[in-house]
Amino acid sequence: MTSRRTPPFGRALCAMITPFTDEGLLDLDGAQRLADRLVSEGCDGLVLSGTTGESPTTTDAEKSALVRAVADAVGDRAAIVAGIGTADTRHTIELALEAEKAGADGLLVVTPYYSRPPQDAVEAHFRAIANASGLPLALYDIPGRTGTRIEPETMLRLAGHPRIVAVKDCAYDLLGTQKVLAATELAYYTGCDEYVLAMYAIGGAGYISTVANVTPSHFRSILDAFDGGDPDEAVRLQQLTIPFTELMMASGLPGSVTAKALLGALGLPSGPVRAPLRPAGRETVDGLRTAYERLVAA
């Protein structure tokens, strides 16, 4: 068993926001410009229509159009991973097939939410999706949002499927994660920005970051320092992110709200969030900008 999983979508992935126009419509031009910036500044892959991409409030047609537009913008410079997770297995399969047609390189599939299915049903859900599409799957384990964990024992069974290749881990259970890492070849990406170095140091594949929407090169530099044999520098770079990450991800607002607020303040494609989300207030935006400027100047 190797200590470092081969990352199927690269090491440094951004959970990209979905830009909207001032009228709240899908902004495909803005999405292409933002995607090009993220890839140019160090992102190996882009995850579209995830939680940060406001997937609960975008239509199926918008999701497909977003994949096509971003794939056209970045070409073969980055992997495109399409978020397709829903609470309905049949609907999720439909989205998987549409994402494949639109040009996605992989799929991100969250645990079915709200209905809180038992583990055998969770496993059957993921297997049905993996069997329906020819694309590799990353399972998204985020019980704080879905109400249902993908238990380590379930992960161990699913790891045997040839198209289930990765995990976006937001379970906050490093013991459970290490059990799966030790026994499988699943590539683990942390979805928690404060765990970028911790996950990488125990054999993870990298990260899928919300904060990287605005600081893509800094988060990549953490991995580069570690791979370059300088763990002390990797620790320093990770610690520099703490104040900014806390404001972005632990201020009581969703990351989609804070990321869009700061991107907009920096003149980058973003636009409003869709209801029921509400925009960040001026005090929050000012605080985010100050923390961002301190990070990039450090």
Side-chain angles (χ1 to χ4, degrees), residues 8-10 12-20 26 28 31 34-35 38 43-71 74 78-114 122 125-126 128-130 132-133 135-146 148 150 163-171 187-193 206-213 254-257 259-260 273-274 277:
F9 310 115
L13 278 70
C14 177
M16 198 178 99
I17 64 148
T18 300
F20 298 133
L26 184 62
L28 292 178
L34 179 61
L38 292 170
C43 291
D44 300 320
L46 303 173
V47 176
L48 308 178
S49 299
T51 309
T52 304
E54 298 179 76
S55 59
T57 55
T58 56
T59 67
D60 292 2
E62 287 174 326
K63 290 178 173 66
S64 293
L66 184 64
V67 170
R68 289 190 180 91
V70 171
V74 304
I80 304 299
V81 181
I84 60 163
T86 76
D88 176 356
T89 303
R90 180 174 57 183
H91 186 199
T92 304
I93 289 172
E94 292 171 355
L95 289 176
L97 297 176
E98 288 302 314
E100 188 171 14
K101 291 177 185 176
D105 300 299
L107 305 171
L108 178 69
V109 192
V110 74
T111 318
Y113 42 84
Y114 187 73
V122 169
H125 173 81
F126 288 130
I129 297 155
S133 165
L135 295 179
L137 266 64
L139 309 182
Y140 187 5
D141 189 16
I142 183 166
R145 286 185 180 269
T146 65
T148 302
I150 311 174
R163 282 187 294 280
I164 296 176
V165 300
V167 177
K168 181 181 179 182
D169 186 4
C170 292
Y188 262 72
Y189 294 91
T190 183
C192 307
D193 291 271
Y207 57 78
I208 299 174
S209 168
T210 293
V211 181
N213 275 280
S256 51
V257 173
K260 279 194 162 182
V273 290
R274 282 183 176 170
L277 296 180

Taking Asp44 for the side chain and Ala12 for the main chain, is one N or O donor matched with an acceptor at less than 3.5 Å?
yes

Distance check, rounded to the nearest 0.5 Å: Lys101 atom NZ versus Ser133 atom OG?
11.0 Å

Shortest non-hydrogen contact from Pro8 toward Ala187
CD-CB, 3.5 Å

Looking at OG of Ser55 and CD1 of Ile84, how far apart are the two atoms once the value is rounded to the nearest 0.5 Å?
11.0 Å

May I ask you to decide if Glu54's main-chain N or O and Ser49's side chain share a donor-acceptor pair within less than 3.5 Å?
no

Any side-chain heavy-atom pair from Leu48 and Ile80 closer than 4.5 angstrom?
yes

Walk me through whether Thr111 and Phe126 qualify under side chain to side chain contact (heavy atoms under 4.5 Å, CB included).
CA-CA 8 Å; Thr111 318; Phe126 288 130; 4.2 Å; yes

Atom pair CE (Met16) and CG (Leu34), whose distance is rounded to the nearest 0.5 Å
5.0 Å

Can you measure from OG1 (Thr92) to NE2 (His125) and round to the nearest 0.5 angstrom?
4.5 Å

Over all atoms of both residues, closest heavy-atom pair of Gly53 and Thr58
O-CG2, 4.2 Å

Between Tyr189 and Tyr207, what is the shortest heavy-atom contact and its length?
CD2-N, 3.6 Å

Should Glu100 and Arg163 be marked as a salt bridge (Lys or Arg N to Asp or Glu O under 4.0 Å) after you check the CA-CA gap, both sets of side-chain angles, and the distance that decides it?
CA-CA 14 Å; Glu100 188 171 14; Arg163 282 187 294 280; over 6 Å; no

In terms of heavy-atom contacts, Leu135 and Ala104 come closest through CD2-O, 3.5 Å

Residues Val67 and Ala99: closest non-hydrogen pair is CG1-O, 4.3 Å

Ile17 side, atom CD1; Thr51 side, atom OG1 - distance, nearest 0.5 Å:
14.0 Å

Could you walk me through whether Thr210 and Thr52 pass the side-chain hydrogen bond (donor to acceptor under 3.5 Å, both in side chains) test, one step at a time?
CA-CA 7 Å; Thr210 293; Thr52 304; 2.7 Å; yes

Sidechain-backbone polar pair: Asp141 side chain, Ala171 backbone, donor-acceptor under 3.5 Å:
no

Is there a side-chain contact between Ile142 and Tyr113 in this structure, where contact means two heavy atoms from C-beta onward sitting under 4.5 Å apart?
no

So, do Asp60 and Glu98 sit near enough that their side-chain heavy atoms are less than 4.5 Å apart?
no

Can you see which heavy atom on Cys43 is nearest to which on Cys14, and at what distance?
SG-CB, 3.7 Å

Answer yes or no: is there a donor N or O on one side and an acceptor on the other, between the side chain of Asn213 and the main chain of Ala15, under 3.5 Å?
yes

Taking atom CG of Leu107 and atom CZ of Phe9, what is their separation to the nearest 0.5 Å?
7.5 Å

Whether the side chain of Lys168 engages the backbone of Val109 through a donor-acceptor N/O pair (distance < 3.5 Å, no angle test) should be reported.
no

